[in-house]
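Down below is the structure, laid out as structure tokens.
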Number of protein chains: 2
Amino acid sequence: MVDRVASALAPTSSVVTDARTQILAVALRLFATRGFDGTSLQDIAQLVGIRKASLLYHFESKEQLRLGVLDHVLSVWNEGLPRLLVAAARTGAPRFSSLIGEVIRFFAEDRNRARLLLRESLDRGEDMRMRLQTFVAPWVGVVTEYIREGQKNGDVDPHVDPEAYVVQIVHMVVSGMATASTLDHALLPATHSLGSPDERHVRELLRIARTSLFRDRGTP
Amino acid sequence: MVDRVASALAPTSSVVTDARTQILAVALRLFATRGFDGTSLQDIAQLVGIRKASLLYHFESKEQLRLGVLDHVLSVWNEGLPRLLVAAARTGAPRFSSLIGEVIRFFAEDRNRARLLLRESLDRGEDMRMRLQTFVAPWVGVVTEYIREGQKNGDVDPHVDPEAYVVQIVHMVVSGMATASTLDHALLPATHSLGSPDERHVRELLRIARTSLFRDRGTP
DNA sequence: ACAAGTGTCTACCGATTGGTAGGCGCGCTC
DNA sequence: GAGCGCGCCTACCAATCGGTAGACACTTGT
């Protein structure tokens with residue numbers, strides 16, 4: 001009965017969701033840019049437009065908010081997993097481009113995701129390790145499976161260590177997206193004719209990933 | 001006279017240097033593991049074995065301590081620069097291994113260096129960008145020069161974007177060393193016959209860097 | 001012997017932190 | 001229309017933060 005009314009009109013629950021969602025969005029932004037310890041509940045509440053006490057009504061503690069933000073980001077990642085499996089349905093180089101493209105797109109869509117994940121890995125390595133095992137290990141399993149398949153086909157370099165390869169690519173993507181405006185812009189001269197630092201960054205990332213994977217250096 | 005006595009016994013100045021050095025070492029460790037905002041002056045002082053007020057005698061503010069730690073790490077990096085130029089005196093693949101080996105060694109010697117630099121990039125992107133331009137841009141210039149030289153020789157793949165390539169390799173090294181115990185151990189099964197996660201990590205990193213650089217995939 | 005540092009200490013400060021208690025208004029259900 | 005729960009509020013709390021003031025020991029140059 002309650003469910004029927006709530007799902008039909010969802011008057012109360014929509015407001016609740018709205019506030020919670022707004023808090024999560026602001027918290028993600030601040031946690032990612034200033035860090036967890038560098039962000040006060042006051043800061044978050046102010047940007048949302050409510051009082052600190054109201055914030056603590058939705059999340060019973062700062063720690064719960066942290067977990068909420070992290071879970072939300074990881075759940076968004078999981079939502080994109082079907083699209084990832086579709087990409088994996090291809091073969092050879094197209095499969096490669098699709099798979100890595102989906103990963104890049106996820107972090108490029110909101111770089112704060114990369115910043116948050118990186119910060120969480122630094123702040124709470126142990127917790128993060130277990131969470132990653134749950135959330136990304138299955139996906140890594142799919143990818144490494146295809147790499148090994150490619151090695152049998154002869155398309156993929158037999159020297160590739162599938163798991164270690166994926167880890168390194170992820171490091172490049174996450175670290176690159178998180179600190180893009182720092183390291184890249186500091187070292188990539190903007191006056192270059194090859195496009196913006198971001199474009200050069202992604203293009204070279206794809207090239208490195210491709211040529212170090214395929215035995216014939218992919219599609220040069 | 002003062003110099004003679006000081007250099008022979010170094011009673012006062014050694015104590016002074018000792019305290020400062022000790023503070024810098026502890027601060028590096030805590031800033032790297034807990035972050036700047038997650039570390040209190042009390043924490044640092046306690047681990048050094050002095051009082052907070054004594055700490056503030058050596059560094060007039062927490063901000064000055066942050067800068068002191070950062071400058072110290074970057075100066076240690078600069079001390080290794082000559083050794084790096086020696087490595088660059090070789091040619092072909094040996095030059096490549098020596099150069100990237102020196103970089104890996106620097107961060108592997110103390111992973112907190114990687115963690116600190118990563119955190120600083122996240123916390124203070126602007127400041128860090130300028131500092132990197134001063135400290136690592138010259139070194140990057142040397143490396144990209146050799147890459148371009150290799151492209152003329154025909155050893156290096158002409159598709160390589162030298163600056164972007166170096167940025168990506170640095171991302172892999174720094175991010176990998178900083179979060180090694182997190183992402184790696186979560187995804188690299190320890191029961192594998194190829195060695196410890198760290199060994200697999202470094203080996204695959206070198207393979208990716210090598211095969212994506214040289215036209216003949218380096219020395220397979 | 002004595003004045004001038006030098007390094008560390010205790011004691012304290014105002015500001016900010018995460019979190020709690022309790023009141024107020026609104027819309028809902030009986 | 002009385003009760004009730006939800007969402008937000010004001011007001012407050014103890015703890016901790018970075019930083020300061022000033023006393024005390026000890027060494028050093030004259």
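Proteins get letters first, then strands, A, B, ... in listed order; numbering begins at 1 in each.
- The interatomic distance linking B/Ile44 (CD1) with D/dT16 (P) rounds to 17 Å, in whole Å.
- The NZ atom of B/Lys62 sits 12 Å away from the C1' atom of D/dG19 (whole-angstrom rounding).
- Of the candidate nucleotides C/dT17, D/dC9, C/dG19, C/dG19 has the atom lying nearest to any side-chain atom of A/Ser61.
- At distances below 3.5 Å, at least one donor-acceptor pair connects side-chain atoms of B/Ser212 with backbone N or O atoms of B/Ile208.
- Look at CZ on A/Phe59: it is 13 Å from P on C/dG19, rounded to the nearest Å.
- Of the candidates C/dA11, C/dG18, D/dG19, C/dA11 carries the atom nearest the B/Ala53 side chain, counting heavy atoms from C-beta on.
- Using a cut-off of 4.0 Å between Lys/Arg side-chain N and Asp/Glu carboxylate O, A/Arg200 and A/Glu204 are scored as not salt-bridged.
- Minimum atom distance to the side chain of B/Tyr57 is reached by C/dT6, of the listed D/dC6, C/dT6, C/dG19.
- We find that CG of B/Asp37 is positioned 20 Å from P of C/dA15, with the value rounded to whole Å.
- Of the two residues contacting DNA chain C, namely A/Asp43 and B/Gly49, the nearest-nucleotide position lying further toward the 5' end is that of B/Gly49.
- Side chain of B/Thr39 to backbone of B/Leu30: a donor-acceptor contact under 3.5 angstrom is found.
- For the OP1/OP2 pair of D/dC17 and a distance below 4.0 Å, the side-chain nitrogens and oxygens of B/Ser40 include at least one atom meeting the criterion.
- Rounding to whole angstrom units, CZ of residue A/Arg51 and C1' of C/dT20 are separated by 18 Å.
- Between A/Glu79 and A/Arg83 there is no salt bridge, since no side-chain N of the basic residue sits under 4.0 Å from a carboxylate O of the acidic one.
- Judged by distance alone, the side chains of B/Asp43 and B/Ser40 do bring a donor and an acceptor atom under 3.5 Å apart.
- Across all strands shown, B/Leu56 has heavy atoms under 4.0 Å from base atoms, whether or not it also approaches the sugar-phosphate.
- Annotation: of the two residues near DNA chain C, B/Ile50 and A/Gln42, the 5′-most nearest-nucleotide partner is B/Ile50.
- Residue side chain A/Lys52 reaches the base of C/dG18 through a donor-acceptor N/O pair under 3.5 Å, judged by distance alone.
- Atom pair B/Leu30:CG and D/dG18:P shows a separation of 12 Å (rounding to whole Å applied).
- Per the geometry, CG belonging to B/Leu55 stands 19 Å off P belonging to C/dT6, to the nearest Å.
- At D/dC8, one or more side-chain N or O atoms of A/His58 fall inside 4.0 Å of OP1 or OP2 (strictly under the cut-off).
- At whole-Å resolution of the value, CG in B/Leu41 and P in C/dC9 are 14 Å apart.
- Across all strands, B/Ser54 comes closer than 4.0 Å to base atoms (heavy-atom distances).
- For B/Ala19, the side-chain atoms get nearest to C/dT8 when compared with the rest of C/dT8, C/dG19, D/dG18.
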